[in-house]
Amino acid sequence: MVLLDPVTMSAPIGKATSSQSSKSKDGEAPTQAVRTIATSQAQIIRHVHSALLLSSFLVRFSTLVADPVSTMSNSAPIVAVIQAVYAIICLPAAGSHVAKPAKKLRPGEKRKSGAESTGPNVAVTTLVALVLSAITTLALHAVLVLFGAPFLTHVPHTFLCSMHIALLGLFPLFYTRGVSNKDWLEILSARAPFDEAFGGLVGTCVGAWLGAVPIPLDWDREWQKWPVTILCGMYGGYLVGKLVGGTIAFGKRFG
């Protein structure tokens, strides 16, 4: 209850100001970092996931150099499955933090089927995240062209490279953040807090950018052709960014 001044019939300035400021702060509260699920199974899988991605890439490296299009095309479904399993077991689905908790039953009371929702549907969230990742592949293709990728040639190479970027960097974010405007404004402006998903995206982008450095050098190596070095930097950057974002940089922001 706010006390009114008997003369002016208004609330004290200090209290009114503090009340307004607290409301504005609540309305502009920044997004929070997403923690991995704290079960022993999830903690094991999150490390196995990194090892599995790295080993699968190294095993296919020679075929990637020999035939980039076929290798990227065949490995994309495998990467999608690895990412989906990792997300389902280790990451909370979008909307989990606002899910209504299950109502405690009274002695002798039976739960009504479908009466309450205890959280988001993981299968639907995974499917939607995969579809959104596939859609953003086209946008990423355009971004790569703007950054110097071949425009009229090597179109399948660039498109499949974009697909791998989407699966690595964007799929975990779609799974954990959904399509929240507030969350994605922070992600796209690089103001989001670091966690495994956002750290993975930053690592993927930085790694892809650094991976372009060896391409113009006159070393005449087969592995310098487009987009082999981009993929090397992308996968290495994703694994480093995921590790750093989930540990020493967790919850921190740029600047």
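Side-chain atoms are counted along with the backbone in the values below, which use heavy atoms only and exclude waters and symmetry mates.
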Taking [X] for the side chain and [Y] for the main chain, is one N or O donor matched with an acceptor at less than 3.5 Å?
X: Q224; Y: P214; result: yes
X: S73; Y: V69; result: no
X: T229; Y: G211; result: yes
X: D195; Y: A33; result: no
X: Q43; Y: I37; result: yes

Can you give me every donor-acceptor pair (side chain of residues 139-146, partner residue at least two apart or in another chain, under 3.5 Å) with its distance?
residue: H141; atom: ND1; partner: F159; partner atom: N; Å: 3.3

Check: CD1 of I78 to CG of L167: how many Å apart, nearest 0.5 Å?
Finding: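 So the gap between those two atoms works out to 12.0 Å.
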Check: What's the spacing between L64 CG and S70 OG if we round to 0.5 Å?
Finding: 10.5 Å
Checklist line | Nearest heavy-atom neighbours spanning L201 and G169 | finding: CB-O, 3.5 Å
Margin query: List the residues meeting side chain to side chain donor-acceptor pair (under 3.5 Å) with T158, not counting sequence neighbours, and say none if there are none.
Written below: W226
Next item on the list: Using side chain to side chain donor-acceptor pair (under 3.5 Å) as the criterion, list what pairs up with Q41, not counting sequence neighbours.
Entry: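 By the side chain to side chain donor-acceptor pair (under 3.5 Å) rule, Q41 matches no residue at all.
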Partners of [X] by ring-ring contact (aromatic ring centres under 6.0 Å, His included), sequence neighbours excluded?
X: F171; result: none
X: F198; result: F194
X: W209; result: none

Check: In the hydrophobic cluster built from side-chain contacts under 4.5 Å, what are the other members alongside V85?
Finding: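 In the cluster with V85 are I45, V81, I89.
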Next item on the list: Linking directly or through intermediates, with side-chain heavy atoms under 4.5 Å: list the remaining ILVMFWY members grouped with I44, chain and number order.
Entry: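 I44 shares its hydrophobic cluster with V48.
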Margin query: H164 vs M72, test: side chain to side chain contact (heavy atoms under 4.5 Å, CB included). Steps then yes/no.
Written below: CA-CA 8 Å; H164 280 260; M72 286 190 292; 3.8 Å; yes
Identify every side-chain donor-acceptor pair in residues 240-255 under 3.5 Å, counting partners at least two apart or on other chains, and give the distances.
residue: K242; atom: NZ; partner: R46; partner atom: O; Å: 2.9
residue: K242; atom: NZ; partner: S50; partner atom: OG; Å: 2.9
residue: T247; atom: OG1; partner: L243; partner atom: O; Å: 2.6
residue: K252; atom: NZ; partner: I248; partner atom: O; Å: 3.4
residue: R253; atom: NH1; partner: E186; partner atom: OE1; Å: 3.3
residue: R253; atom: NH1; partner: R191; partner atom: O; Å: 2.6
residue: R253; atom: NH2; partner: T31; partner atom: O; Å: 2.6

List the atom pairs, donor and acceptor, that lie under 3.5 Å between side-chain atoms in residues 128-135 and the rest of the protein, sequence neighbours left out.
residue: S133; atom: OG; partner: A129; partner atom: O; Å: 2.7

Item checked: Pairs flagged by ring-ring contact (aromatic ring centres under 6.0 Å, His included) wherever residues 65-96 is involved - sequence neighbours left out -> H49-Y86
Could you pull out all donor-acceptor pairs under 3.5 Å where a side-chain atom in residues 56-63 meets a protein atom, sequence neighbours excluded?
residue: S56; atom: OG; partner: L52; partner atom: O; Å: 3.0
residue: S56; atom: OG; partner: L53; partner atom: O; Å: 2.9
residue: T63; atom: OG1; partner: R60; partner atom: O; Å: 2.8

